[in-house]
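Here is the naming used below: chain letters follow the sequence lines, and residue numbers restart at 1 for every chain. Atom set for the values below is all heavy atoms of this structure, side chains included, hydrogens, waters and symmetry mates excluded.
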Amino acid sequence: MASVPSNFIRNIIQRDQKYYKHFGRVATRFPPEPNGYLHLGHAKSICLNFGLAAEFGGTCNLRYDDTNPAREELEYVESIKADVRWLGFDWEGREYYASDYFEQLYDFAVQLIQEGKAYVDSLSAEEIREHRGTLTEPGKESPCRNRSVEENLDLFRRMRDGEFEDGAHVLRAKIDMASGNMNLRDPTIYRIRKVAHHRTGDQWCIYPMYDYTHCISDSLEGITHSLCTLEFEDHRPLYDWVLDELAVYHPRQIEFARLNLSFTVLSKRKLIRLVTEGHVSGWDDPRMPTIQGVRRRGYPAGAIRTFCDRIGVAKRDSVVDFALLEHCVREDLNRTAPRVMGVLRPLKVVIENYPQGESEELEAINNPEDEGMGIRKVPFSRELYIEQDDFMENPPKKFFRLAPGREVRLRYAYFITCRDVIRDENGEITELRCTYDPETRGGDAPDGRKVKATLHWVSAPHAADAEVRLYDRLFNTESPGAGKGDFIEHINSDSLEVLTGCKLEPSLADAAPESRCQFERLGYFCADLRDCRPDRLVFNRTVPLRDPWAKIAKKKK
RNA sequence: UGGGAGAUCGUCCAGCGGCAGGACAACGGACUCUGACUCCGUCGACCCAGGUUCGAAUCCUGGUCUCCCAGCCA
């Protein structure tokens with residue numbers, strides 16, 4: 001097990017604690033806006049914030065940045081909580097909302113006005129944009145910039161009282177219209193929005209902006225280290241300005257690079273398109289990088305946490321290989337998922353010398369990685385199914401599964417030898433006639449002879465029928481977001497293959513939704529959260545097992 | 001061409017003036033009642049140019065490239 005490497009944020013916190021900054025206290029927060037579903041990018045932030053807090057004996061708050069009622073909904077606050085909890089983190093009741101601070105935020109704004117550091121601007125949005133200047137030219141000051149404190153106070157009060165329509169006025173911080181940093185060109189800190197808020201109802205018609213709200217919320221909560229993504233780097237001077245001018249407790253904002261993952265997209269805008277344009281079945285489609293999506297796909301929360309540890313934290317833009325995520329998923333599931341046998345593309349096998357109408361039970365190990373998971377019985381009979389891929393009539397050199405005249409082992413059962421190939425009128429193989437060696441019961445030959453292959457199988461009369469959904473990466477290119485052209489064009493048309501008539505061993509007949517297992521030799525699967533029922537089994541392929549043979553076979557083509 | 005940030009194996013992350021290390025990927029081998037797992041091995045990087053120094057990925061100077069910023073979004 002690789003130990004977690006250090007990172008620059010941990011180093012900062014370590015040093016702060018060593019020098020007794022904040023009396024050694026560490027407090028972080030995870031601050032989502034409740035306007036969408038959480039995805040793996042959020043998982044990185046969640047693991048970072050909660051992880052660091054835990055590591056340094058501190059606390060991590062869950063705080064909703066709910067300052068824009070037009071886009072936010074209660075549904076999202078609920079789903080966010082469920083996702084954070086599922087990921088394995090606990091905010092221990094510290095569930096806060098920026099909207100809970102509206103009154104204090106208002107008072108602080110009044111204070112800024114009184115000190116001549118904020119003013120009401122009556123320019124239109126358009127005019128404000130024109131006054132802002134460009135990246136290379138300084139902005140122009142608004143004619144409203146020098147309104148008296150009294151007038152500003154009056155106007156701001158009336159804004160709150162609902163006397164004006166949306167857009168009539170805004171409150172702006174008075175900083176520097178010539179700053180090279182656009183965020184300091186008198187940023188808007190309050191706007192009028194006559195919209196009901198999901199928590200405060202119609203109590204307010206003015207709402208504070210992110211930059212103004214976030215730093216004060218951090219301050220009020222006594223956050224020590226306020227972690228956010230790189231694009232907020234040039235907002236830090238504003239973060240610091242507000243807290244300095246207000247002369248309140250001042251946390252430190254630290255920025256890190258957001259997560260990018262190859263073969264997928266992690267921007268809210270793009271994820272929304274996937275859903276609304278119907279490229280996926282919904283936010284929890286197992287191909288989606290949303291928390292609900294990967295959960296439904298069968299990724300364990302622990303695997304996602306391990307992944308977040310392994311990708312590290314730094315300031316440079318980077319793209320993490322999707323294969324690392326899959327590795328973490330396999331590593332977790334290898335330890336935890338019970339083994340079962342399931343045949344995806346059944347090929348019937350008749351054991352000619354096995355007595356008609358009889359059956360027996362064989363012992364199978366539930367998880368060779370964990371003896372504690374015990375054993376189970378698997379029924380065996382004269383008619384079986386094996387995987388179509390496990391038989392070749394004219395096998396190439398490196399294929400060592402079943403072929404005419406060849407002997408292989410059926411896992412936990414017997415050695416069988418292929419005697420005959422039965423075809424239909426179209427020449428398609430419909431059935432294999434085999435014989436078994438009763439001496440090899442359990443899977444070993446008393447005479448010590450070896451076979452090259454061991455196949456999984458299911459007894460035909462005992463088999464449970466199932467639908468199996470084979471998922472693959474959603475995009476067929478490493479960075480679907482990059483370059484010109486629409487990322488939608490890079491969708492992998494083979495990202496979902498639905499197989500019906502799959503044959504599973506009977507122990508799976510009552511699989512609970514979301515239960516995970518390994519179909520031996522195939523991959524890890526999970527009973528679908530929504531669709532799997534005892535009368536209609538549905539499994540999702542979480543991730544295939546590593547398969548060197550597939551690689552060889554592919555190369556040959 | 002304003003402001004901010006970043007450049008280390010194919011990918012991600014360490015390093016903080018003293019032998020460039022780990023993980024994933026790839027490749028080869030051992031083992032195997034899962035062609036899985038595990039184990040062993042191989043491949044492979046300091047953006048460029050100067051300078052300081054006994055010694056530079058690290059410090060200095062100058063370049064180059066990439067990312068972010070002109071919402072009354074967060």
Side-chain angles (χ1 to χ4, degrees), chain A residues 2-7 11 31-33 35 65-68 70-72 121 123-125 128-130 132-139 166-172 178-185 187-193 207 209-211 213-214 228-237 255 257 262 268 310-328 330-331 334-335 339 341 364-365 368-369 398-401 409-413 415 442-444 450-456 478 518-523 544-552:
Chain A
S3 64
V4 180
S6 195
N7 64 60
N11 293 343
E33 183 188 13
N35 74 338
D65 252 330
D66 56 347
T67 57
N68 187 353
R71 331 197 301 173
E72 296 154 7
D121 197 344
L123 255 30
S124 69
I128 287 180
R129 186 169 357 105
E130 285 161 1
R132 189 153 29 228
T134 68
L135 293 178
T136 50
E137 303 157 36
D166 286 12
H169 308 281
V170 292
L171 184 69
R172 293 229 256 167
S179 173
N181 183 341
M182 300 299 262
N183 296 300
L184 298 181
R185 318 245 262 228
T188 299
I189 59 178
Y190 265 94
R191 74 290 216 191
I192 301 171
R193 281 278 174 287
Y207 293 94
M209 298 285 289
Y210 166 84
D211 286 304
T213 307
H214 201 89
C228 62
T229 43
L230 250 30
E231 67 271 26
F232 292 101
E233 215 150 15
D234 356 304
H235 293 238
R236 180 160 22 98
E255 310 83 15
S262 61
K268 206 169 271 180
R310 298 232 177 120
I311 58 177
V313 182
K315 294 198 69 153
R316 101 174 84 162
D317 296 299
S318 59
V319 182
V320 175
D321 194 341
F322 194 83
L324 178 60
L325 212 209
E326 294 190 317
H327 168 81
C328 294
R330 289 193 186 101
E331 183 181 75
N334 179 48
R335 275 196 324 268
R339 271 59 168 173
M341 291 196 285
I365 295 165
E369 307 287 326
K398 284 184 176 160
F399 182 89
F400 46 83
R401 279 111 91 145
R409 170 169 38 236
L410 294 182
R411 177 140 233 226
Y412 300 122
F415 285 11
D444 283 304
K450 301 284 183 201
V451 287
K452 292 268 293 218
T454 300
L455 312 185
H456 61 278
E478 213 165 296
Q518 181 196 104
F519 289 3
E520 291 212 37
R521 305 208 305 131
L522 296 175
L545 251 28
R546 292 183 55 133
D547 186 358
W549 165 247
K551 215 174 256 182
I552 295 167

Take atom CG of D234(A) and atom P of rG6(B), then tell me their distance rounded to the nearest Å.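 From D234(A) CG to rG6(B) P: 12 Å.
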What integer distance in Å separates D66(A):CG from rC73(B):C1'?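 In whole Å, rC73(B) C1' and D66(A) CG are 14 Å from each other.
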Could you check E520(A), R521(A), R411(A) and say which one makes a side chain to side chain donor-acceptor pair (under 3.5 Å) with H456(A)?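 Result for side chain to side chain donor-acceptor pair (under 3.5 Å) with H456(A): R521(A).
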Could you tell me whether the phosphate oxygens of [N], OP1 or OP2, come under 4.0 Å of any side-chain nitrogen or oxygen in [X]?
X       : N       : result
R185(A) : rG2(B)  : no
N334(A) : rU34(B) : no
R521(A) : rU32(B) : no
H456(A) : rU34(B) : no
R191(A) : rC73(B) : yes
K551(A) : rC27(B) : yes

Side-chain donor/acceptor of E369(A) to base of rU38(B), under 3.5 Å: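 Counting by modelled atom types and ignoring angles, no donor-acceptor contact under 3.5 Å is found here.
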Classify the side chain of R129(A) and the base of rG71(B) as holding, or not holding, a donor-acceptor pair under 3.5 Å.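 There is none.
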Closest to side chain of [X], choosing from [options]:
X       : options                   : value
R132(A) : rC16(B), rG3(B), rG71(B)  : rG71(B)
I552(A) : rG35(B), rG10(B), rC13(B) : rG35(B)
N68(A)  : rA25(B), rC73(B), rU34(B) : rC73(B)
R310(A) : rA5(B), rA36(B), rA23(B)  : rA23(B)
L135(A) : rC72(B), rC68(B), rC69(B) : rC69(B)
T134(A) : rG35(B), rC73(B), rA70(B) : rA70(B)
Y210(A) : rC73(B), rC12(B), rA74(B) : rA74(B)
M182(A) : rC37(B), rC69(B), rC27(B) : rC69(B)
D317(A) : rC67(B), rA14(B), rA25(B) : rC67(B)
H235(A) : rA74(B), rU34(B), rG15(B) : rA74(B)

Could you check H214(A) against H235(A) for side-chain contact (heavy atoms from CB on, under 4.5 Å), going step by step and ending with a plain yes or no? CA-CA 11 Å; H214(A) 201 89; H235(A) 293 238; over 6 Å; no
Which residue lies toward the 5' end of RNA chain B, E233(A) or L123(A), if each is placed at its nearest nucleotide?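 Its nucleotide being nearer the 5' end, the pick is E233(A).
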Nearest nucleotide by nearest heavy atom, which residue falls closer to the 5' end of RNA chain B, M209(A) or R411(A)?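 Result: R411(A).
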Can you tell if the side chain of R409(A) reaches within under 4.5 Å of the side chain of D444(A), non-hydrogen atoms only?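 Touching, per the 4.5 Å side-chain cut-off.
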By the rule that syn is within 90° of 0, classify the base conformation of rG71(B) as syn or anti.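 Syn for rG71(B); the angle stays within 90° of 0.
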Please step through side-chain contact (heavy atoms from CB on, under 4.5 Å) for the pair I128(A) and R172(A), ending with a clear verdict. CA-CA 11 Å; I128(A) 287 180; R172(A) 293 229 256 167; 4.1 Å; yes
Pairing partner of [N] (Watson-Crick or G-U wobble, both distances under 3.5 Å):
N       : answer
rG41(B) : rC27(B)
rG2(B)  : rC69(B)
rA49(B) : rU61(B)
rA36(B) : none
rG55(B) : none

Of all heavy-atom pairs between P368(A) and R339(A), which one has the smallest distance, and what is that distance?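 Shortest heavy-atom contact: CD-NE, 3.8 Å.
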Contact class for [X] vs. all strands (heavy atom < 4.0 Å): base, sugar-phosphate, or nothing?
X       : value
N7(A)   : sugar-phosphate
L410(A) : nothing
N35(A)  : nothing
S262(A) : nothing

Can S6(A) and N11(A) be counted as having a side-chain donor-acceptor contact under 3.5 angstrom?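 Per modelled atom types, S6(A) and N11(A) side chains form a pair under 3.5 Å.
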